[in-house]
There are 4 protein chains.
Amino acid sequence: MIQNDTYRPKRRLRLAPAQRVPQILDAALQEFSRRGFTAARMDDIAQRCGLSKGGLYAHFDSKDAIFKALLDRTLNRTDWAQMPQLAAGAGTRALAEWTVDRLHAALLAPDVITLLRLLIPERERVPMRVDEWKKLTHGHTQQVMQVIQKNLEASGRKDTVLARHPWLVLSPIVHVLLWHTVFGEGGEPDPHYRQAHIDMLCELLA
Amino acid sequence: MIQNDTYRPKRRLRLAPAQRVPQILDAALQEFSRRGFTAARMDDIAQRCGLSKGGLYAHFDSKDAIFKALLDRTLNRTDWAQMPQLAAGAGTRALAEWTVDRLHAALLAPDVITLLRLLIPERERVPMRVDEWKKLTHGHTQQVMQVIQKNLEASGRKDTVLARHPWLVLSPIVHVLLWHTVFGEGGEPDPHYRQAHIDMLCELLA
Amino acid sequence: MIQNDTYRPKRRLRLAPAQRVPQILDAALQEFSRRGFTAARMDDIAQRCGLSKGGLYAHFDSKDAIFKALLDRTLNRTDWAQMPQLAAGAGTRALAEWTVDRLHAALLAPDVITLLRLLIPERERVPMRVDEWKKLTHGHTQQVMQVIQKNLEASGRKDTVLARHPWLVLSPIVHVLLWHTVFGEGGEPDPHYRQAHIDMLCELLA
Amino acid sequence: MIQNDTYRPKRRLRLAPAQRVPQILDAALQEFSRRGFTAARMDDIAQRCGLSKGGLYAHFDSKDAIFKALLDRTLNRTDWAQMPQLAAGAGTRALAEWTVDRLHAALLAPDVITLLRLLIPERERVPMRVDEWKKLTHGHTQQVMQVIQKNLEASGRKDTVLARHPWLVLSPIVHVLLWHTVFGEGGEPDPHYRQAHIDMLCELLA
DNA sequence: TATGAATGAGGCTTCATTCAT
DNA sequence: AATGAATGAAGCCTCATTCAT
């Protein structure tokens with residue numbers, strides 16, 4: 001018997017969770033970083049990954065669950081830890097270039113900016129994730145700073161600023177990072193910021 | 001139903017707009033920076049300044065109007081432009097100290113951090129205000145950079161990194177600013193960041 | 001002691017109720033007929049008569065009180081009853097012209113249209129006032145119909161339609177009245193509706 | 001954000017839009033004509049069609065959208081245009097009866113009265129819909145007037161009032177329409193208004 | 001009388017979540 | 001796994017009314 005007085009929904013493409021979940025997280029990342037967690041709508045996330053609102057709930061229990069899964073995925077990216085080593089005995093400029101390029105890869109990745117935009121307004125909601133991120137980036141940049149410090153010690157220059165305050169090595173690129181985070185891709189403080197950073201390190205290492 | 005002697009009619013203090021509006025903006029700033037624009041509730045803003053929800057609407061047409069008025073007020077603070085001049089003929093270290101202290105006053109003020117936290121998630125809603133802020137801070141730090149550049153030119157050192165990329169002067173403090181913005185007052189990359197910044201400038205100016 | 005931290009309102013023109021009340025009722029009539037009772041705002045009524053919102057409450061206890069006072073005033077207009085008498089022994093055409101002009105004065109007055117627009121949506125709120133209005137207009141048009149009937153009887157034509165259904169005398173002008181009420185002043189079914197009405201009566205009286 | 005684990009919504013019938021939308025419009029028509037657009041509450045409309053307040057928004061974007069859809073539906077009723085033709089060679093009285101019955105069907109339908117009551121207070125909000133209605137009724141009555149005019153021309157009576165001002169044909173029934181609109185079903189100016197109208201037309205056509 | 005800031009109930013609308021299909 | 005109509009809590013905003021001035 002045909003029941004045309006009750007509702008019969010359309011059926012669309014059916015994907016396995018392994019395919020769908022990353023799509024959802026991608027969509028969520030964009031919506032969250034664009035409008036903030038609260039203002040982002042499940043509808044928009046769904047639409048962005050070609051799903052209906054209810055479809056999200058086949059994979060996640062709540063908006064909050066998406067948010068947490070998103071942080072998990074982003075913070076557990078293993079490739080963040082992969083870093084080519086510097087050839088031993090490299091010169092000062094080579095050291096500076098290696099340093100800046102490593103930092104660039106680590107801190108100016110689009111993901112980092114997006115995550116930063118996401119974490120800043122929500123840092124009180126998820127302080128533990130902020131801590132995770134702190135450790136991650138810290139551990140990451142720590143490697144760079146250690147290479148610098150070893151190099152300085154090897155050349156007997158324990159009294160430089162960089163030796164005493166190794167975080168200064170990061171400052172120019174963090175400066176650019178904040179710029180991007182606030183003002184978008186449109187402009188850096190200096191389009192030649194890579195060269196500026198390298199030059200600065202050279203002067204401080206010399 | 002109220003029928004005991006603990007009943008106190010709601011106090012209805014009437015203030016002129018000139019008094020009330022700043023109170024509302026203060027309350028809004030706190031709520032907005034605590035929870036973000038979207039998640040902040042008119043009820044909370046009202047309560048924070050001792051007003052009822054509807055009372056806000058005697059002074060502002062909408063939540064959005066409050067937000068914009070708030071940005072206007074913060075961005076039009078004249079005291080941002082006030083900066084003591086550096087005594088002529090000061091030495092390198094004095095120059096560095098003056099520079100760092102000026103930048104600290106300008107960029108590490110609580111207002112700046114609060115505004116930054118507010119603008120990042122809302123930058124797409126109020127792009128013009130973001131531009132205003134960009135110009136403001138740019139014009140502001142420009143003064144510091146000019147003092148540095150003049151000093152370098154005066155001593156014939158046109159070829160330093162700072163001469164070519166004066167924005168590097170700001171980087172350490174911007175680094176700390178981002179740190180505060182994300183991680184709160186809890187920790188800087190280095191508690192002696194002022195000394196680090198000064199030392200760095202001394203090395204680069206020497 | 002000067003209290004400049006509390007609010008001190010401006011003082012404006014102070015009128016006696018005898019002046020102010022009619023102004024308020026005029027303003028209310030316009031707002032009510034323009035937007036309906038519910039949608040009309042006290043603010044708009046106040047502004048339309050150069051008063052502040054609270055000022056209305058010095059004269060009326062509530063919006064409803066204004067509405068009722070308005071109906072009272074409009075329905076009690078004595079001038080509605082004033083009607084020049086027709087010279088005895090006038091011809092058919094003179095009778096028709098007198099009739100149409102009387103009806104025009106009574107039914108196409110701006111007040112009537114405005115009141116009609118007001119009563120139609122609110123007729124369930126104030127059924128007694130609708131009845132009053134019914135009696136008023138009925139009593140009013142009754143006079144016209146009586147003149148017609150007497151004339152028909154005098155000429156021995158008791159069997160005409162108009163003699164049996166004297167309300168038909170009003171129909172053309174009521175037709176125009178409804179037109180105005182719905183479509184505004186912009187257009188009648190016929191710009192020569194007066195002539196049409198007179199001609200119709202002449203034919204029916206002949 | 002709702003994070004209550006004991007949340008259990010009431011279960012209700014799910015209907016396809018094709019079923020639900022007419023129900024909503026029916027409910028809206030009743031509420032709007034009972035209380036006027038502004039005073040009608042979404043809650044009441046929802047309840048009247050067995051829906052929750054928010055459920056309406058799955059089908060309509062706003063209260064205004066419901067109002068406009070309602071006008072669309074009512075104004076697009078095709079059966080308004082359907083009219084039986086008059087047998088050729090009918091006598092004067094037959095012509096008058098046909099005319100009055102057609103007009104009665106067209107203008108005294110409950111829908112028309114309801115729509116009229118609705119449009120009068122909202123005519124400034126939806127002037128275009130008022131125009132539509134004007135055209136509809138005009139086109140409709142135009143047919144009646146044309147039949148009358150042809151008949152008059154056929155009998156060589158081009159100089160009658162009805163020939164010059166055909167809208168007078170409608171006047172008695174418009175009179176009754178306004179009466180109903182204002183005073184409800186309770187009473188016409190004359191319970192034999194159909195006979196009166198027919199008689200009047202006979203006299204004017206004779 | 002008059003002002004207009006303030007109140008608070010009430011309405012419109014949004015949106016995370018549910019669930020029959 | 002997916003749809004989308006439906007729910008209901010919660011937020012924004014309106015506006016009649018009050019009241020300190």
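Letters go in sequence order (proteins before strands), and every chain restarts at 1. What you see below is based on every heavy atom in this structure, not just the backbone, and it leaves out hydrogens, waters and symmetry mates. Keep in mind the model is a prediction, meaning the values are calculated, not measured.
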Worksheet item: Looking for any heavy atom pair under 4.0 Å, which part of the strands does A40(C) touch: base, sugar-phosphate only, or nothing?
Response: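 Sugar-phosphate, no base atom in range.
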
Not counting sequence neighbours, which residues clear side chain to side chain donor-acceptor pair (under 3.5 Å) with [X]? List them please.
X: D131(A); value: none
X: Q30(D); value: R48(D)
X: E124(D); value: R34(C)
X: R20(C); value: Q23(C)

Discussion item. Can you give me the bend angle of the helix from dA2(E)-dT21(F) to dT21(E)-dA2(F)? Use the axis through the first five pairs and the one through the last five, nearest 10 degrees.
Written reply: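 About 0° separates the two local helix axes.
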
What is the separation between atom [atom1] on [X] and atom [atom2] on [N], rounded to the nearest whole Å?
X: D43(D); N: dT13(E); atom1: CG; atom2: P; answer: 12 Å
X: Q47(A); N: dA2(F); atom1: CD; atom2: P; answer: 16 Å
X: Q19(A); N: dA2(F); atom1: CD; atom2: P; answer: 11 Å
X: Y57(D); N: dA10(F); atom1: OH; atom2: P; answer: 18 Å
X: L13(C); N: dT3(E); atom1: CG; atom2: C1'; answer: 13 Å
X: D44(B); N: dA10(F); atom1: CG; atom2: P; answer: 13 Å
X: L56(D); N: dG4(F); atom1: CG; atom2: C1'; answer: 16 Å

Practice prompt. With sequence neighbours excluded, tell me which residues meet salt bridge (Lys or Arg N to Asp or Glu O under 4.0 Å) with R35(B).
Written response: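 Salt bridge (Lys or Arg N to Asp or Glu O under 4.0 Å) list for R35(B), sorted by chain: empty.
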
Fill in: Those residues that, when tested against K53(A), pass salt bridge (Lys or Arg N to Asp or Glu O under 4.0 Å) (two or more places apart)
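Once residues adjacent in sequence are excluded, the partners of K53(A) under the salt bridge (Lys or Arg N to Asp or Glu O under 4.0 Å) criterion are D43(A).
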
Worksheet item: Which residues, if any, of residues 25-37 of chain D bring a heavy atom under 4.0 Å of DNA chain E?
Response: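 Of all residues in residues 25-37 of chain D, none places a heavy atom under 4.0 Å from DNA chain E.
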
Worksheet item: Between R129(C) and K68(C), which heavy-atom pair has the shortest distance, and what is it?
Response: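 Shortest heavy-atom separation between R129(C) and K68(C) comes out as NH1-O, 3.5 Å.
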
Practice prompt. Let me know which of L115(C), T74(C), L71(C) forms a side chain to side chain contact (heavy atoms under 4.5 Å, CB included) with W133(C).
Written response: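 Going through the options one by one, the only one that passes is L115(C).
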
Item to complete: Between A39(B) and G50(D), just flag the one whose closest nucleotide in DNA chain F comes earlier from the 5' side.
Response: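 Its nearest nucleotide lies further toward 5', so the answer is G50(D).
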
Fill in: Residue closer to the 5' end of DNA chain F, G54(A) versus M42(C) (nearest nucleotide)
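Final value for this comparison: G54(A).
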
Discussion item. With ring pair (Phe, Tyr, Trp, His ring centres under 6.0 Å) as the rule and sequence neighbours excluded, what pairs involving residues 48-71 of chain A come up?
Written reply: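 Applying ring pair (Phe, Tyr, Trp, His ring centres under 6.0 Å) to every pair that reaches into residues 48-71 of chain A, excluding sequence neighbours, yields F32(A)-F67(A), F37(A)-F67(A).
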
Worksheet item: Pick the nucleotide of DNA chain E nearest each of P17(C) and R41(D); which residue has the one closer to the 5' end?
Response: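 It is P17(C) whose nearest nucleotide is closer to the 5' end.
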
Worksheet item: Quick one: side chain to side chain contact (heavy atoms under 4.5 Å, CB included) partners of T114(C), sequence neighbours excluded?
Response: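 Counting only residues at least two positions away or on another chain, T114(C) forms a side chain to side chain contact (heavy atoms under 4.5 Å, CB included) with L29(C), S33(C).
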
Discussion item. Holding to side chain to side chain contact (heavy atoms under 4.5 Å, CB included), I want the full list of residues that pass it with S52(D), two or more places apart in sequence or in another chain.
Written reply: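 Side chain to side chain contact (heavy atoms under 4.5 Å, CB included) list for S52(D), sorted by chain: empty.
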
Counting only side-chain heavy atoms from C-beta out, which of [options] sits nearest to [X]?
X: L15(A); options: dA5(F), dA2(F), dC12(F); value: dA2(F)
X: K53(C); options: dA20(E), dT13(E), dT17(F); value: dT17(F)
X: L51(C); options: dT17(E), dG8(E), dT3(E); value: dT3(E)

Fill in: Residues touching DNA chain F, which here means a heavy atom under 4.0 Å, drawn from residues 58-67 of chain C
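Here the set is S62(C), K63(C).
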
Practice prompt. Return yes if some donor-acceptor pair links the side-chain N/O of R73(C) with the main-chain N/O of L70(C) below 3.5 Å, else return no.
Written response: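 Not a single qualifying donor-acceptor pair exists.
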
Worksheet item: Taking only side-chain nitrogens and oxygens of R14(B), does any of them come within less than 4.0 Å of OP1 or OP2 of dA6(E)?
Response: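 Result: no.
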
